[in-house]
Number of protein chains: 2
Amino acid sequence: MKDGPDIARLAALIGDPARANILTALMSGKALTASELATEAGVSPQTVSSHLRKLEEGGLTTVLKQGRHRYVSLSGDDVAQALEGLMGLAAGRGHLRVRTGPKDPELRHARVCYNHLAGERGVQMFRAMRACGHLALDGDAVTLTDTGTRFVTDLGIDLAELEKSRAPMCRECLDWSARQYHLAGTLGRAMLTRMEHLGWMSRASEGRVITLTTQGAARFDTLFMPDRASQSV
Amino acid sequence: MKDGPDIARLAALIGDPARANILTALMSGKALTASELATEAGVSPQTVSSHLRKLEEGGLTTVLKQGRHRYVSLSGDDVAQALEGLMGLAAGRGHLRVRTGPKDPELRHARVCYNHLAGERGVQMFRAMRACGHLALDGDAVTLTDTGTRFVTDLGIDLAELEKSRAPMCRECLDWSARQYHLAGTLGRAMLTRMEHLGWMSRASEGRVITLTTQGAARFDTLFMPDRASQSV
DNA sequence: TTCATAGTTCGATCATAATCGAAGCATGGA
DNA sequence: TCCATGCTTCGATTATGATCGAACTATGAA
């Protein structure tokens, strides 16, 4: 009995170490060049060329050519979502790197997941916004409430700009480290960008770790603590 | 940069066709013997023995020995969840079997997903129960309401029995065919079992298709149509 | 125009792992 | 006890696919 989608082919695409490293690097949401990805994966340019072709043919990545540069990115949110799901299962089953790097705790604390905030901080933010009634849930749908609209507008987010996009504004994304949900979608992205702009947090030039400044952490905790968020609004 | 969980190893486990077939068969929620899985995967007993060892070591399956029989099952809901996520991505990317069998539409309509109802029917049920206020959502948490308690009790479900289990009673499970959520957890399982008992639907002896009787479909639609469910309670 | 850089294609190499025949062990039934 | 059945282990075979050196194409800058 062989029915339903063919997960073997898709999983085999992800199951090569070099390709897994490429996909993981692309989880930052950045579009990276083939050369950068060759460095990330630790293989030669010719090898990465071959891998990228397979990923593109499999529908996991898209490529944008600009002159002699080819910018590669994940082909959509759903790829990121499935990868996070695999990460969650891998973490839950103890499938960890042999050498857990010094960045592991930092990744768990705060990291970028396809351009939005993930890790403990991401979960904290999502939970606080729900607790304060800024976000409402209806099944799989997450919507911004009236108080939420005021909240994010006060924070400096241009909602009119977000509404121009056809992508969902709010979406739940299962966090592999916290095993809870954090906020994805265009609003999730805008929140991270805004907090970077405010100087609360910054992304490393390489990798996915997000670092909060001392002041940024304080401001973040002020805004996103459930029993304190009400007072600030 | 090689950080976070090792998805390559896990994906490679799933990425072998024989093992993917095994895991897909186990999505029915039944515990199957090694011989049955050898038939499912279309390989010899010695090959399946080798594959099962890998899946068990990887934490994806558990084995229960009874005499000379070894009963294999998925090691948890989270495995089923990640597999469904991969199925969704595979379906969305057109990674389908070369020969889409005659069972494909039936699988999309109603199928068993780790012992609970999936497919269009599963989504319909979950949606209707939320619309009628029988289920309440708070982030990732799904809870049975007072009206929901009465509803399922009237349907013949023994909630006291369900509450004895440590497993979550209600959980959302993303449906690969419908791209929406259906109800999982012990309640989701109990609902399917109950409707089978009422003769509304039955599982094929092999595979995961669920067939509704004419009368069963009528009763199902009566109970789980959002604008009609209120009248029946 | 020349040179440097980004990236692809070709083909050979080689490591890996799925596969099954043969043999053996464990269990159950007559 | 003997035979049948379920399952595992061992070892050889073979197909697959990742890999990179060599060579090439395309683009950009001086």
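Chain A is the first sequence line, chain B the second, and so forth, proteins listed ahead of strands; every chain is numbered from 1.
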I want to check one thing: is the phosphate of [N], taken as OP1 and OP2, less than 4.0 Å away from some side-chain N or O of [X]?
{"X": "B:H69", "N": "C:dA26", "result": "no"}
{"X": "A:R19", "N": "D:dA18", "result": "yes"}
{"X": "B:T47", "N": "C:dC20", "result": "yes"}
{"X": "A:R70", "N": "C:dT8", "result": "yes"}
{"X": "B:R68", "N": "D:dA4", "result": "no"}

query = Does one side chain, of A:E36 or A:T39, offer a donor that lies under 3.5 Å from an acceptor on the other?
reply = no

Side chain of [X] (C-beta onward), nearest among [options]:
{"X": "A:S50", "options": "D:dT9, D:dT19, C:dG7", "value": "D:dT19"}
{"X": "A:S44", "options": "D:dC20, D:dA4, C:dG7", "value": "D:dC20"}
{"X": "B:D16", "options": "D:dG6, C:dG7, C:dT19", "value": "C:dT19"}

Starting from [atom2] on [N], measure out to [atom1] on [X] and report it in whole angstrom.
{"X": "B:L13", "N": "C:dT16", "atom1": "CG", "atom2": "C1'", "value": "15 Å"}
{"X": "B:L55", "N": "D:dT8", "atom1": "CG", "atom2": "P", "value": "12 Å"}
{"X": "B:E36", "N": "D:dT5", "atom1": "CD", "atom2": "P", "value": "16 Å"}
{"X": "A:L37", "N": "C:dG7", "atom1": "CG", "atom2": "P", "value": "9 Å"}
{"X": "B:K54", "N": "C:dT19", "atom1": "NZ", "atom2": "C1'", "value": "11 Å"}
{"X": "A:H51", "N": "C:dT9", "atom1": "NE2", "atom2": "P", "value": "15 Å"}
{"X": "B:K65", "N": "C:dA26", "atom1": "NZ", "atom2": "C1'", "value": "8 Å"}
{"X": "B:E57", "N": "D:dT8", "atom1": "CD", "atom2": "C1'", "value": "13 Å"}

ask   = Any salt bridge between B:D77 and B:R189, counting N to O under 4.0 Å?
value =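 A salt bridge is present here (some side-chain N lies under 4.0 Å from a carboxylate O).
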
message = Please determine whether a side-chain nitrogen of the Lys or Arg among A:R208 and A:E40 lies less than 4.0 Å from a carboxylate oxygen of the Asp or Glu.
response =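 Salt bridge flag = no for A:E40 with A:R208.
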
query = Got A:R194 and A:D158 here, is their nearest side-chain heavy-atom distance under 4.5 Å?
reply =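 Answer no - side chains too far apart.
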
query = Any side-chain heavy atom of B:L117 sitting closer than 4.5 Å to one from B:M191?
reply =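 Counting from C-beta outward, B:L117 and B:M191 never come under 4.5 Å.
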
task = Assess whether one donor atom and one acceptor atom, taken from the side chain of A:Q46 and the base of C:dG7, lie less than 3.5 Å apart.
result = no

ask   = Counting any heavy atom closer than 4.0 Å, what does B:V43 reach on the DNA or RNA strands: base, sugar-phosphate only, or nothing?
value = sugar-phosphate

key: 5' priority, DNA chain D, between A:Q66 and B:T33 [closest heavy atom]   =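 Comparing both residues, the 5'-ward one is B:T33.
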
